[in-house]
Protein chains: 2
Amino acid sequence: MLDEPHAPAQTISRSTARTADAVVKGIESRISSGELADGAFLPAERELMAEYGISRTVVREAIARLASRGLIEARHRYRPIVRQPGYDAALSAVGGVVSHLLNGSSGIKNLYDTRVFLEAALVRNAALHARKDDIASLRAALAANEAAIPDSRLFYATDVAFHAVLYEIPRNPVFPALHKAFTLWLAPHWERMLRSPERNRINHLSHRAILEAIVERDPDAAEQALQNHLGAAWEYVRGTFEEPLSDRAESNDG
Amino acid sequence: MLDEPHAPAQTISRSTARTADAVVKGIESRISSGELADGAFLPAERELMAEYGISRTVVREAIARLASRGLIEARHRYRPIVRQPGYDAALSAVGGVVSHLLNGSSGIKNLYDTRVFLEAALVRNAALHARKDDIASLRAALAANEAAIPDSRLFYATDVAFHAVLYEIPRNPVFPALHKAFTLWLAPHWERMLRSPERNRINHLSHRAILEAIVERDPDAAEQALQNHLGAAWEYVRGTFEEPLSDRAESNDG
DNA sequence: CGGACGCTTTCGGTCAGACCAAAACGAGTG
DNA sequence: CACTCGTTTTGGTCTGACCGAAAGCGTCCG
């Protein structure tokens with residue numbers, strides 16, 4: 001094949017011939033071809049540098065780019081590890097960008113509303129299409145949720161787990177990834193929220209109501225129960241950033 | 001379920017602090033403080049280098065990171081431009097990662113299913129909450145769609161535009177951004193799809209059916225119409241990648 | 001006087017070589 | 001066999017340099 005340093009054969013026409021791009025492509029193909037399997041270590045920088053006939057600067061840039069795209073995991077000072085990216089790797093890659101949208105409360109509101117919207121659709125879907133084992137998972141999650149009422153920290157975990165089941169029912173891996181992303185992004189505010197066994201009990205009852213509507217195959221009731229649940233939760237969360245809050249409500253984009 | 005490997009991309013606070021991080025933070029705050037307004041040029045590298053007392057290597061790394069997070073737009077050989085990131089900037093940042101998920105057909109299917117799922121919820125929402133001007137927008141888009149039937153290229157644009165209106169109705173900027181992302185990711189396959197005035201007419205009729213159900217405030221009918229529409233469309237799209245289809249990949253999300 | 005052309009400067013992209021500190025590795029010791 | 005300690009490897013950073021394209025500027029021609 002080409003151990004040939006620069007094979008700038010193509011599209012780079014427009015003013016840009018970034019050398020790192022070639023390396024990125026090269027490594028990329030070596031990953032998707034399986035030559036660099038998931039979990040494997042990337043060759044040392046100095047090695048790649050010799051291999052592609054480029055300087056370490058470029059090697060490092062290529063690595064940085066691949067890392068930012070989730071193809072390799074580059075922890076500080078550790079040998080980069082090849083990662084076959086999954087949906088949640090993709091989502092977590094957005095994390096950095098999203099963090100800037102979470103500044104004004106409007107950003108959080110938009111994200112939260114999106115979550116509610118999605119989850120409402122998910123409970124409808126669950127009510128219509130949940131299978132026996134889905135219901136069983138839901139019941140198990142609900143039971144764990146109930147048992148955790150006295151322990152707020154544990155309750156939070158079981159709360160998240162209960163909702164997670166909802167995202168698994170469509171059997172589309174995008175949804176669990178979305179759930180992870182949502183909880184990750186919203187967690188900082190969520191965790192600052194005051195919690196108590198009483199609140200936990202109320203939330204647990206909401207969960208129970210949702211599950212019951214699903215079991216009864218009543219999508220409207222299920223959606224309504226979820227809307228109530230998350231709507232009420234929002235009232236509690238919003239308190240965590242009801243500060244002076246400079247009115248910068250940007251949120252949109254061009 | 002180990003949550004250890006990659007959380008936010010830069011939680012490397014442990015052990016050693018990356019020097020570039022300080023610079024990233026610095027510039028970051030200068031952006032969100034408004035000192036570096038949207039559209040402004042970033043100071044020259046050699047300037048930043050003096051300013052922060054670091055080498056150009058680090059400056060460049062910091063810039064690369066900010067760029068990967070969408071905070072600045074760094075075209076090759078051009079002075080980096082400050083960008084206040086919006087939702088679709090965030091989504092387009094995922095683009096690079098997503099591209100790897102679009103290899104097997106299962107990736108596309110998952111993404112497409114997600115879109116259908118979302119859009120089904122959107123038409124329900126439209127049927128329930130669309131306002132007069134939303135309906136008007138929908139009608140206008142539908143008219144443009146009809147007028148474009150003879151011209152397949154134009155039809156595609158009006159098709160996208162019609163669906164776009166659906167995403168605008170909730171008035172949550174996340175949705176239009178999602179729409180952009182979906183169309184962008186799916187476009188390559190979509191455009192390879194055979195088109196003809198006859199197909200266009202059928203699609204247009206689907207759109208009409210959706211709109212009618214919305215106007216009649218019938219969420220179930222609207223959702224059904226959309227499911228039919230997109231389900232049929234999928235049958236056409238799938239033909240564009242019915243290749244051997246390497247069986248690996250699937251969807252690990254771990 | 002104004003715009004086209006060409007020169008100079010600036011600045012991003014790349015390179016080379018070097019040093020440091022932490023990680024990985026291996027040998028020696030209890 | 002485990003633990004410690006020293007050596008090698010390797011990623012992170014620095015320095016200083018060069019190239020070429022962009023931008024800035026001044027001249028020259030219409």
Side-chain angles (χ1 to χ4, degrees), chain A residues 3-27 30 36 39-83, chain B residues 4-6 9-27 36 39-83:
Chain A
D3 46 76
E4 204 259 326
H6 37 264
Q10 43 168 9
T11 28
I12 1 177
S13 54
R14 278 290 295 259
S15 70
T16 42
R18 202 168 270 207
T19 358
D21 273 343
V23 186
V24 168
K25 261 198 183 169
I27 299 180
R30 283 168 71 178
L36 287 173
F41 287 109
L42 206 64
E45 295 182 355
R46 290 170 174 84
E47 203 169 320
L48 289 171
M49 159 181 162
E51 185 170 336
Y52 287 90
I54 53 178
S55 72
R56 203 141 82 89
T57 313
V58 179
V59 171
R60 288 180 60 72
E61 185 181 332
I63 291 179
R65 274 217 230 163
L66 289 165
S68 84
R69 293 175 43 182
L71 273 163
I72 63 183
E73 178 190 336
R75 286 191 309 170
H76 190 70
R77 276 219 163 273
Y78 282 76
R79 188 83 157 277
I81 299 175
V82 176
R83 287 286 178 225
Chain B
E4 39 87 17
H6 37 54
Q10 73 274 31
T11 331
I12 348 157
S13 49
R14 48 182 303 171
S15 68
T16 43
R18 207 171 272 216
T19 10
D21 271 345
V23 186
V24 169
K25 260 199 185 168
I27 298 181
L36 287 173
F41 287 109
L42 208 64
E45 294 182 354
R46 291 171 173 86
E47 202 169 320
L48 288 171
M49 158 183 165
E51 186 170 335
Y52 287 91
I54 54 177
S55 72
R56 204 141 81 90
T57 313
V58 180
V59 171
R60 288 181 60 71
E61 184 181 333
I63 291 179
R65 278 223 226 155
L66 288 166
S68 84
R69 292 176 43 183
L71 274 163
I72 64 183
E73 178 189 336
R75 286 188 309 168
H76 188 74
R77 280 222 159 270
Y78 283 75
R79 192 79 156 281
I81 299 175
V82 176
R83 288 283 176 230

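What you are looking at is a predicted structure, and each value in this text was computed from that prediction instead of being measured. Just so it is clear: chains get the letters A, B, ... in the order the sequence lines come, proteins before strands, and each one is counted from 1.
- Qualifying side-chain contact (heavy atoms from CB on, under 4.5 Å) partners for Ala44(B), counting only residues two or more places apart in sequence or in other chains: Glu47(B), Arg79(B).
- With sequence neighbours excluded, no residue forms a side-chain contact (heavy atoms from CB on, under 4.5 Å) with Ala64(A).
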Protein-nucleotides 10-12 of chain C N/O pairs closer than 3.5 Å?
residue, atom, partner, partner atom, Å
dG12(C), OP2, Glu45(B), N, 3.0
dG12(C), N7, Arg46(B), NH1, 2.8
dG12(C), O6, Arg46(B), NH2, 3.0
dG12(C), N2, Arg77(B), NH2, 2.8
dG12(C), N3, Arg77(B), NH1, 3.4

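- Partners of Ala40(B) according to the side-chain contact (heavy atoms from CB on, under 4.5 Å) rule, which considers only residues two or more places apart in sequence or in another chain, do not exist here.
- Residues meeting the salt bridge (Lys or Arg N to Asp or Glu O under 4.0 Å) test with Arg83(B), sequence neighbours left out: Asp38(B), Glu73(B).
- Residues satisfying the salt bridge (Lys or Arg N to Asp or Glu O under 4.0 Å) test with Arg56(A), not counting sequence neighbours, are Glu45(A).
- The interatomic distance linking Phe41(A) (CZ) with dT10(D) (P) rounds to 12 Å, in whole Å.
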